Amino acid sequence: MPIIIDGKLVSSKILDEIRAKTAELKSQKGITPGLALLLVGNNPASLTYVNSKRKACTELGFYSIVEHLTEDTPEEKVLNLIEEWNNDPKIHGILVQLPLPKHINELKTTLKIKPSKDVDGFHPENFGRLVIGLPGFRPCTPAGIVELLKHYQIDTFGKHVVVVGRSNIVGKPIANMLYQKAPNANAIVTICHTAAKDLRQYTRLADILVVAAGSPNFITSDFVKDGVVVIDVGINRIEDSSSKKGYKLVGDVDFNSVAPKAYAITPVPGGVGPMTIAMLMKNTYLSASGEITYEA
Ligand code: NAP
């Protein structure tokens with residue numbers, strides 16, 4: 001049986017550490033980490049995500065603001081609110097929940113957030129810092145993957161990592177994190193996307209396979225070699241009449257077929273998913289404590 005990489009366990013350890021450090025930061029320096037969350041519209045998944053993030057703030061003793069604006073809010077109002085938070089010393093992190101309504105330009109909003117408060121790590125300055133190996137906020141889901149590998153002592157040095165997916169929030173950043181000449185990195189990285197004629201040809205070469213494609217259960221045992229480490233980022237809803245909700249969540253990897261060949265594998269749910277909020281909280285803490293510096 002493979003090692004089942006337990007994201008709930010690792011994320012709760014990280015959250016425990018942040019809770020303790022937050023108490024110290026408050027008592028020693030009088031600083032309370034503050035996170036501002038912006039939600040525009042009523043996308044049900046976004047509502048759930050924002051509520052979970054707010055709950056995590058409360059549990060850690062953070063200060064938080066949730067601004068829930070209507071779907072028809074003008075772009076200018078959103079930009080003005082971000083500017084207000086950029087200048088508010090109680091706020092150390094700003095998160096704009098995506099997706100935004102079509103009339104609000106996502107890139108414009110991301111660019112408006114001060115890089116030193118961009119705890120989602122989506123601002124091009126933070127992405128550039130990641131690429132050239134400078135300190136900065138790293139996107140939360142990829143940062144969570146690195147923590148999982150670290151926790152399970154899965155060495156990446158000289159290993160061949162194959163990433164399926166090139167999104168700006170998962171595929172590109174995780175690839176960039178893992179090839180850096182740095183601890184918990186130094187891997188040889190291949191990035192695949194839909195232009196790959198025969199995806200198997202690449203994925204079978206992976207020592208560590210990271211899949212972030214958004215296609216349910218499509219990585220089957222014939223895509224991997226024996227002993228592979230599989231990180232399944234996918235979260236897909238599929239119909240399930242036996243569940244009260246009428247659906248269940250599955251990853252991009254067909255767990256039952258791939259697990260017997262794997263050395264270690266993340267389940268869905270309970271693998272990468274829980275790490276994202278933990279890393280958001282960690283980034284907010286690091287912003288408040290000043291441990292990430294933006295000086296050259
Ligand atoms: P995305 O923006 O939808 O992009 C998907 C990427 O996968 C694209 O680069 C696409 O290639 C590639 N792709 C799709 N099908 C493929 C195939 N059959 N063969 C090769 N490449 C393929 O992806 P995302 O936002 O990164 O999300 C990916 C999945 O991760 C989703 O299920 C999402 O829900 C999940 N996710 C989970 C978390 C979390 O756990 N907290 C966070 C973020 C995302 P092209 O570029 O050529 O189109």
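Here the structure is a predicted model, which is why all the values come from computation and not from measurement. First listed ligand is number 1; within each ligand, the first listed atom is number 1.
Remark: ligand 1 atoms within the under-4.0 Å shell around heavy atoms of Ile169 are 25 (O), 43 (C). Under a 4.0 Å criterion applied to the non-hydrogen atoms of Val164, ligand 1 contributes the atoms 20 (C), 21 (N). Set against the non-hydrogen atoms of Thr276, the atoms of ligand 1 under 4.0 Å away are 39 (C), 41 (N). Contact atoms of ligand 1 toward Asn236: 32 (O) (distance under 4.0 Å to a heavy atom of the residue).
In this structure, Lys55 places its NZ atom where only 12 or fewer heavy-atom neighbours from other residues, nucleotides or ligands lie under 6.0 Å away. Residue Glu76 places its CD atom among 12 or fewer non-hydrogen atoms of other residues, nucleotides or ligands, all under 6.0 Å distant. Shown here is Lys8, whose NZ atom has no more than 12 heavy atoms of other residues, nucleotides or ligands within 6.0 Å. Residue Phe218 places its CZ atom among more than 12 non-hydrogen atoms of other residues, nucleotides or ligands, all under 6.0 Å distant. Annotation: Tyr49, atom OH; neighbour count of heavy atoms from other residues, nucleotides and ligands within 6.0 Å does not exceed 12.
Here the protein heavy atom with the shortest distance to atom 32 (O) of ligand 1 is Ile235 N, 3.0 Å. Of the protein's non-hydrogen atoms, the one nearest atom 19 (N) of ligand 1 is Leu199 CD2, 3.7 Å. The nearest protein atom to atom 18 (N) of ligand 1, hydrogens excluded, is given as Phe218 CE1, 3.5 Å; this is a heavy-atom distance. For atom 8 (C) of ligand 1, the nearest protein heavy atom (residue, atom name, distance) is Arg166 N, 4.0 Å.
Nearest to atom 31 (C) of ligand 1 by heavy atom, out of Pro274, Ala196, Gly214, is Gly214. The heavy atom nearest to atom 44 (C) of ligand 1, out of those in Ile145, Leu249, Val170, is found in Val170. Atom 24 (P) of ligand 1 has its nearest heavy-atom neighbour, among Ser167, Pro139, Ala45, in Ser167. Scanning Val233, Thr141, Thr194 for the heavy atom closest to atom 37 (C) of ligand 1 points to Val233. For atom 5 (C) of ligand 1, the nearest non-hydrogen atom from the set Gly7, Ala213, Cys192, Gly165 comes from Ala213.
Taking all atoms of both residues into account, the shortest heavy-atom contact from His160 to Leu205 is ND1-O, 3.1 Å.
For atom 27 (O) of ligand 1, the nearest protein heavy atom lies 4.0 Å or farther away.
Take Lys77 and apply the salt bridge (charged side-chain N to carboxylate O under 4.0 Å, His left out) test, not counting sequence neighbours, and it matches no residue.
A salt bridge links Asp16 with Arg19: the closest approach of a Lys/Arg side-chain nitrogen to an acidic carboxylate oxygen falls below 4.0 angstrom. Taking the charged nitrogens against the carboxylate oxygens, Arg129 and Glu125 do have a contact shorter than 4.0 Å, which makes a salt bridge.
With rounding to the nearest 0.5 Å, the separation of CZ in Phe122 from CD1 in Ile169 is 5.0 Å.
Using a 4.0 Å cutoff on heavy atoms, Ala212 counts as a contact of ligand 1. At least one heavy atom of Gly273 sits closer than 4.0 Å to an atom of ligand 1.
Where the criterion is an N or O separation shorter than 3.5 Å, residue side chain and backbone included, Ala195 fails it with respect to ligand 1.
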For residues 132-146, dump all side-chain donor-acceptor pairs below 3.5 Å to protein atoms at least two apart in sequence or in another chain.
from: Arg138; atom 1: NH1; to: Leu134; atom 2: O; distance (Å): 3.1
from: Arg138; atom 1: NH2; to: Leu134; atom 2: O; distance (Å): 2.7
from: Thr141; atom 1: OG1; to: Thr276; atom 2: OG1; distance (Å): 2.9

